[in-house]
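Reviewing the structure listed below.
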Amino acid sequence: MSKSVKAPWYRFYDDEKEHLEYPDFSAYKLIEYTSSKHLNNISYNYYGNKKTYYEFLKQIDEAARAMKAIGVKHKDVVSICMPNTPEGIISFYAANKIGAIASMIHPLSAENEIKNYLNISKTEWLITIDFTIPKVDKIIKETKVKKVVTVGVGESMPPLSKSLYATMTIPKNIIPKTIKTLNPNTYLNNDKMKIGWKEFIKLGKDYTKEIDDDFKGKDIAAILYSGGTTGTPKGVRLTNLNLNASAMQNFEHVACLKDKDKVLAIMPIFHGFGLSVCIHCVQYFGGTSILLPQFNAKTFDKIVKKYEPNVIVGVPTLFEAMLQNKSFNHMNLKDITCVISGGDTLSVDLKRRFDEWLLKHHSEATIREGYGLTECCAASCFTPLNYYREGSIGIPYPDTYYKIVEVGTEKEVPYGTAGEIVISGPTVMAGYIRNRKETKQTLRKHRDGRIWLHTGDEGIMDKDGFVYFKGRIKRMIITSGYCVYPKIIEDVIDSHPKVRMSCVIGIPHPYKVTVAKAFVVLEKGVEENEELLESIKELVEQNLARFSWPYEYEFRKELPKTLVGKIAYNVLIHEEEMKKKNYEVNEDLLEQVEEDEE
């Protein structure tokens, strides 16, 4: 570590190690190595279909041989367009085992987005969930793809679960009636380019050569898609070291994860948070990933009751949904020992309410917040186990360094001063795929000799190294020359007892250029009226400077969400722009929102 990099947070490490030893091999070899200690533990549980680590490693080997059989070579890109299913994680590790690169695509992406992801990664091999095939069929000739492996959501489900899932949870608006049976062969149409999962695995039976690819830590293991610092979708190149360091750091710093813990894998595998925390970290320490391909707020209590998880990992809207679900009222949640929030900002009020709710339901856990970006394998900063500071996102992981710099520069600002959050450490990406300009802008070598990831997020660090997230720099509203931070306004509005959540954006103003507008969702059963609006305004005016007061308020029944459940503030911005232009709002915009855009 450069002597110029300060790390006051190490004083708040209790039993955690400040530095870890990272292996110089693949993500697959990490779990192969660690699983030797717990081969009989359950690796994953998919609607009652449980596989031990021994069985999971065997499934990975079968898929790796199948990939070799169809022609996948070292450093080829295999795109995996899957929700959280066994085939999705098997494919990820199988590609890694043979030295191929896994490009993880959101299955609800629009057809042109899928085409863009396939082309930017130069994909020749695609493994995809069956309901994407109508979209894939339209664009496949415009790509380099040679073979498409189709998988049904119900491929690995027990028969009863398959039937119930098909009739109760598949979104009717996105899946054609012809594939509600979850038949992966529905769209094959004798097309030699496509093959079902079972047929694919059978091909590998005849591949008898030894598989031992010399994949190193520095080699690219995965491509995940992110808005980056400018909001334009980019392919984030993550190495084996990035993924392995993330798994090891998460386990070390969270400090309450243990062998055989059952972890609800709700966050999707095409998202850094889901892949690194819910899958790779869990497989590293010998826990069980409870795979859920889709989150349903109305039936989530049944999932928790059935699987009795020890660890819940999710975005703030998940925890809000749990509070609203009355079916939890009489449940005993003593088995929940760890609750992790990430992917979006956790308000102080929601943390307080959820902690009280956990205690009421006999859990000793408290919700702990993490922070990170796809560009650093998701989490890189987390609330320490025994130290909480209100509003803080915690302290950096082992071997990970944070500093706050003056926006647009490399100049470090004093403690307590706002600036851009920059990060350095073993989880920082190798760069964006085929985008040198954005890579150069985001990854910068400072005078201390370290490479620093410029996050595009504004924050503050106190003298003890605790970090406070203020918001995306591009979300900052400048009104009459003052900087207004939407998150701070949202925190105040959310603290009102009759408010469930809010979102603040900037809207044009003829004199002040830009002013704040607040969209407010009330608690269930609460009726909107002028008196309530005045009480919300009064709360804001008591707690914030006049220049921060929203110029407009609007009550909403719900706020638009991204496909991973984060509040899609840019959809609200789009709606306001369309109102000004008197255009019809583009209803498809929400589906195009980049899921990990802050």
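Numbering of residues begins at 1 and proceeds along the displayed sequence. As the structure is a computational prediction, the values presented were derived from the model and not from experiment.
Side chains of Pro486 and Ile477 form a contact here, defined as non-hydrogen atoms less than 4.5 Å apart. Looking at heavy atoms from C-beta onward, Ser495 lies in side-chain contact with Leu539 at the 4.5 angstrom threshold. Put simply, the side chain of Pro8 does not reach to within 4.5 Å of the side chain of Lys463, judged on heavy atoms. Put simply, the side chain of Val484 does not reach to within 4.5 Å of the side chain of Val504, judged on heavy atoms. Using a 4.5 Å heavy-atom cutoff, the side chains of Arg237 and Thr439 are not in contact. Side chains of Val339 and Ser363 form no contact here, defined as non-hydrogen atoms less than 4.5 Å apart. Between Met501 and Leu350, the closest side-chain pair of non-hydrogen atoms is not below 4.5 Å. Side-chain contact between Glu410 and Val405 is absent, with no heavy-atom pair separated by less than 4.5 Å.
When the side chain to side chain contact (heavy atoms under 4.5 Å, CB included) test is applied to Lys258, the partners found at least two apart in sequence or on another chain are Asp261, Thr337. In this view, Trp357 and Phe328, Phe354, His361 satisfy the ring-ring contact (aromatic ring centres under 6.0 Å, His included) rule, not counting sequence neighbours. For Phe466, the ring-ring contact (aromatic ring centres under 6.0 Å, His included) criterion is met by Phe12, not counting sequence neighbours. In this view, Thr417 satisfies the side chain to side chain donor-acceptor pair (under 3.5 Å) rule with no residue, not counting sequence neighbours. Evaluation of the side chain to side chain donor-acceptor pair (under 3.5 Å) rule for Asn250 yields Ser246, Tyr397 as partners, not counting sequence neighbours. For Asp464, the side chain to side chain donor-acceptor pair (under 3.5 Å) criterion is met by Arg11, Arg389, not counting sequence neighbours. A search for ring-ring contact (aromatic ring centres under 6.0 Å, His included) contacts involving Phe273 returns nothing, not counting sequence neighbours. For Glu552, the salt bridge (charged side-chain N to carboxylate O under 4.0 Å, His left out) criterion is met by Lys517, not counting sequence neighbours. Contacts of Tyr468 classified as ring-ring contact (aromatic ring centres under 6.0 Å, His included), with partners at least two apart in sequence or in another chain: none. Qualifying side chain to side chain donor-acceptor pair (under 3.5 Å) partners for Asn45, counting only residues two or more places apart in sequence or in other chains: none.
Scanning all heavy atoms of the two residues, the minimum distance from Arg368 to Pro384 falls at NH2-C, 3.6 Å. Counting all heavy atoms, side chain and backbone alike, Leu243 lies closest to Ala222 at CD1-CB, 4.3 Å. Residues Phe382 and Gly370 approach most closely at CD1-CA, 3.4 Å, considering heavy atoms. The minimum heavy-atom distance between Asp399 and Pro426, with the atom names listed, is O-CD, 3.3 Å. The heavy-atom pair separating Thr409 from His454 by the smallest distance is O-CE1, 3.6 Å. In this structure, Leu224 and Ile269 approach most closely via the heavy-atom pair CD2-O, 4.5 Å.
Sequence neighbours left out, the pairs with a member in residues 318-330 that pass side-chain hydrogen bond (donor to acceptor under 3.5 Å, both in side chains) are Asp301-Asn325, Glu320-Gln324, Glu320-Arg353, Gln324-Glu523, Asn325-Ser327. The stretch residues 264-273 participates, sequence neighbours left out, in no salt bridge (charged side-chain N to carboxylate O under 4.0 Å, His left out) pair at all.
The OG1 atom of Thr455 sits 6.5 Å away from atom CD1 of Ile473, with the distance rounded to the nearest 0.5 Å. Here Ile266 contributes atom CD1 and Cys278 contributes atom SG; the two are 7.5 Å apart, rounded to the nearest 0.5 Å. Atom OH of Tyr388 and atom OG1 of Thr366 lie 9.0 Å apart (nearest 0.5 Å). Interatomic distance, Leu385 CG to Asp14 CG, rounded to the nearest 0.5 Å: 7.5 Å. In this structure, CD on Gln294 lies 8.5 Å from CG on Leu108, to the nearest 0.5 angstrom. The NE2 atom of His106 lies 14.0 Å from the OH atom of Tyr225; values are rounded to the nearest 0.5 Å.
Relative to the six-membered ring of Tyr401, Arg450 misses at least one condition, a distance below 6.0 Å or an angle of at most 45° to the axis.
A parallel orientation is assigned to the rings of Phe285 and Phe251, their planes being inclined by less than 30° (bins at 30° and 60°).
Residue Glu527 qualifies as open at atom CD: its count of foreign heavy atoms under 6.0 Å is 12 or below. No more than 12 heavy atoms of other residues, nucleotides or ligands shown are found within 6.0 angstrom of CG on Asp15. No more than 12 heavy atoms of other residues, nucleotides or ligands shown are found within 6.0 angstrom of CD on Glu364.
Residue Ile340 forms a side chain to side chain contact (heavy atoms under 4.5 Å, CB included) with just one option from Val263, Val313, Ile312, Thr383, and that option is Val313. Remark: of the listed residues Asp349, Val499, Leu544, Val499 is the sole one forming a side chain to side chain contact (heavy atoms under 4.5 Å, CB included) with Ile493. Of the listed residues (Ile42, Leu264, Asn310), just one forms a side chain to side chain contact (heavy atoms under 4.5 Å, CB included) with Thr288, and that residue is Ile42.
A salt bridge is absent between Glu575 and Lys579; no separation between the charged side-chain nitrogens and carboxylate oxygens falls under 4.0 Å.
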Exercise. Step by step, would you call Glu420 with Arg444 a salt bridge (Lys or Arg N to Asp or Glu O under 4.0 Å)?
Worked result: CA-CA 13 Å; Glu420 184 180 14; Arg444 304 181 199 173; 5.2 Å; no
For this session: Dump the intermediate steps for side chain to side chain contact (heavy atoms under 4.5 Å, CB included) on Tyr307 and Lys262, then the final yes or no.
Result: CA-CA 8 Å; Tyr307 297 107; Lys262 292 177 285 186; 5.8 Å; no
For this session: Take Lys498 and Glu528 through the salt bridge (Lys or Arg N to Asp or Glu O under 4.0 Å) test and state the conclusion after the steps.
Result: CA-CA 10 Å; Lys498 294 185 178 180; Glu528 58 186 75; over 6 Å; no
For this session: Evaluate side chain to side chain contact (heavy atoms under 4.5 Å, CB included) for Leu291 paired with Ile279, printing each intermediate quantity in order.
Result: CA-CA 9 Å; Leu291 300 175; Ile279 303 300; 3.8 Å; yes
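Side-chain contact of Gln283 with Tyr44: a donor-acceptor pair under 3.5 Å is absent, judged by distance alone. For the residue pair Tyr402/Ser380, the side-chain donor-acceptor check at 3.5 Å is satisfied. For the 3.5 Å distance criterion, the side chains of Ser502 and Asp494 qualify, holding a donor opposite an acceptor. Ser347 and Glu490 share no donor-acceptor pair across their side chains, judged by distance under 3.5 Å alone. Using modelled atom types, one finds a donor on one side chain and an acceptor on the other under 3.5 Å when comparing Tyr22 with Gln249.
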